[in-house]
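Scroll down for the structure; my scribbles are underneath it.
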Protein chains: 2
Amino acid sequence: MTVMDDLDGKIIGLLVEDARKPLTEVAGQVGLSTSAVNERVRRLVAQGVIRRFTVDASPEALGLPVLALIWAAVPHAREAAFRSFAATHPGIVECHHVTGVWSYLIHLRVADLAGVETFLTHLKSEDLLERSETMLALSTVRSAPWVPR
Amino acid sequence: MTVMDDLDGKIIGLLVEDARKPLTEVAGQVGLSTSAVNERVRRLVAQGVIRRFTVDASPEALGLPVLALIWAAVPHAREAAFRSFAATHPGIVECHHVTGVWSYLIHLRVADLAGVETFLTHLKSEDLLERSETMLALSTVRSAPWVPR
DNA sequence: TCTGAAACCGGGAAACC
DNA sequence: GGTTTCCCGGTTTCAGA
């Protein structure tokens, strides 16, 4: 299905750095014509290799400096509810079902520590949380792009 | 510093969904002229609220289906070395310095489980790892945008 | 800081190699 | 699949409010 050569890789790399970079420039840097690049980008989007064009925003600038990493044990009977909650809650940046003693790892973006407490209290009140363990990110060496929602 | 009103918030929200959406459309949806939107976007970039325009790619489509979440204890004397390693290693998607018994949480994207072993072995051989604990993401309820490097 | 008009330039389609 | 050409439309700038 996925037919990718290293030119596609280069194109993606350039667009990762700046998605607004004119295709003419991209074309110049990969050694193709604009149309060829345009067609390849179209294909990459159609194939789902590129999921979307987006912006990487600064959570700090938008008032969400606190990143909490939360291990969560979810009541078995409430797992479906937990998943739909996690999929829509605006503070939840990531949520992975993981191996090990905890069922989920949540990345939570909030304005302050009170926001963490509010979040955990809310989860418990909805019976979506058996127990949890929270760690705070003191600093970040490397981060994924962040998008508000 | 950061002067943001809810119009800026709306604009960012629209660009998050589709960074290539014509500014004329954005303008229509927020009730401003194209020029005004253009100016606001320019300001948001200048202020660092928007860090960059990028693409959200599919790690699976690019042959990296495995996401490993690794807790790492790093030798105190090697922390600077660890940080610069983590900042540049292509497989490391995220790396946070955290509170708790572990010093770092790493998100590692690799092709298969052998990739996880190679990674850990390499870290140890460079004396960047005292001990670690690895969890695998079985499924992801919610994920941040992913960019290859 | 916004609007509206004008200039410019990049993107998308068509025809062809 | 690739290139070149051409046209449409979006971005950008500027004058004015």
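Since this is a predicted model, take the numbers as computed values, not measurements. Order of the sequence lines fixes the chain letters, A, B, ..., with proteins taken first and strands second; residue numbering starts at 1 for each chain.
Using a 30° and 60° split on the angle between ring planes, A:Phe119 and A:Phe85 fall in the tilted class, from 30° to 60°.
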Polar-atom pairs under 3.5 Å, protein N or O versus N or O of nucleotides 14-17 of chain C: list them with distances, or write none.
none

Please tabulate, one pair per line, each protein N/O and nucleotide N/O from nucleotides 8-10 of chain D that are separated by under 3.5 Å, including the distance.
none

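When the C1' atoms of four end pairs are superposed on the next four at each end of the helix from C:dT1-D:dA17 to C:dC17-D:dG1, using five pairs per end, the two resulting axes differ in direction by 30°, to 10°.
Contact between the side-chain N/O atoms of A:Arg20 and the OP1/OP2 oxygens of D:dT11 is not found at any separation under 4.0 Å. For B:Arg42 and D:dT13, the shortest distance from a side-chain N or O to OP1 or OP2 is not below 4.0 Å. Note on B:Asn38: every side-chain N or O is 4.0 Å or more away from OP1 and OP2 of D:dT11.
Between A:Met4 atom CE and D:dG1 atom P the separation is 15 Å, expressed in whole Å. Taking atom CG on B:Leu32 and atom C1' on C:dT1, their separation rounds to 10 Å, with Å as the unit. One atom, CG of A:Asp18, and another, C1' of C:dG10, lie 14 Å apart when rounded to the nearest Å. Rounded to whole Å, atom P of D:dT3 lies 10 Å from atom CG of A:Leu7. Rounded to whole Å, the distance from CD on B:Glu39 to P on D:dA15 is 15 Å. The distance from atom CG of B:Leu44 to atom C1' of C:dT1 is 14 Å, rounded to the nearest whole Å. In this structure, A:Arg40 places its CZ atom 9 Å from P of D:dG1, rounding to the nearest Å.
Of all heavy-atom pairs spanning A:Val41 and A:Ile11, the tightest one is CG2-CG2, 3.9 Å. Smallest separation of non-hydrogen atoms from A:Val37 and A:Ala27: CG2-CA, 3.6 Å.
A:Ile12 is listed as a side-chain neighbour of B:Pro148, based on a closest heavy-atom distance under 4.5 Å.
The hydrophobic cluster containing B:Leu108 does not contain B:Val98, counting ILVMFWY residues as joined when their side-chain heavy atoms lie under 4.5 angstrom apart, directly or transitively.
In this structure A:Phe82 satisfies the ring-ring contact (aromatic ring centres under 6.0 Å, His included) test together with A:Tyr104, sequence neighbours excluded. A:Asp56 pairs by the side-chain hydrogen bond (donor to acceptor under 3.5 Å, both in side chains) definition with B:Arg51, not counting sequence neighbours.
Geometrically, B:Arg131 engages B:Trp102 in a cation-pi contact, judged by NZ or CZ lying under 6.0 Å from the ring centre and within 45° of the ring axis.
Among residue pairs with one or both ends in residues 30-44 of chain B, those qualifying as side chain to side chain donor-acceptor pair (under 3.5 Å) are B:Asp5-B:Arg40, B:Asp8-B:Arg40, B:Asp8-B:Arg43, B:Glu39-B:Arg42; sequence neighbours excluded.
A 6.0 Å sphere centred on CD of B:Glu130 holds more than 12 heavy atoms belonging to other residues, nucleotides or ligands.
Judged by distance alone, the side chain of B:Ser58 and the main-chain N or O of B:Ala61 form a donor-acceptor pair under 3.5 Å.
Of the candidates C:dG11, C:dC2, D:dT11, C:dG11 carries the atom nearest the A:Thr34 side chain, counting heavy atoms from C-beta on.
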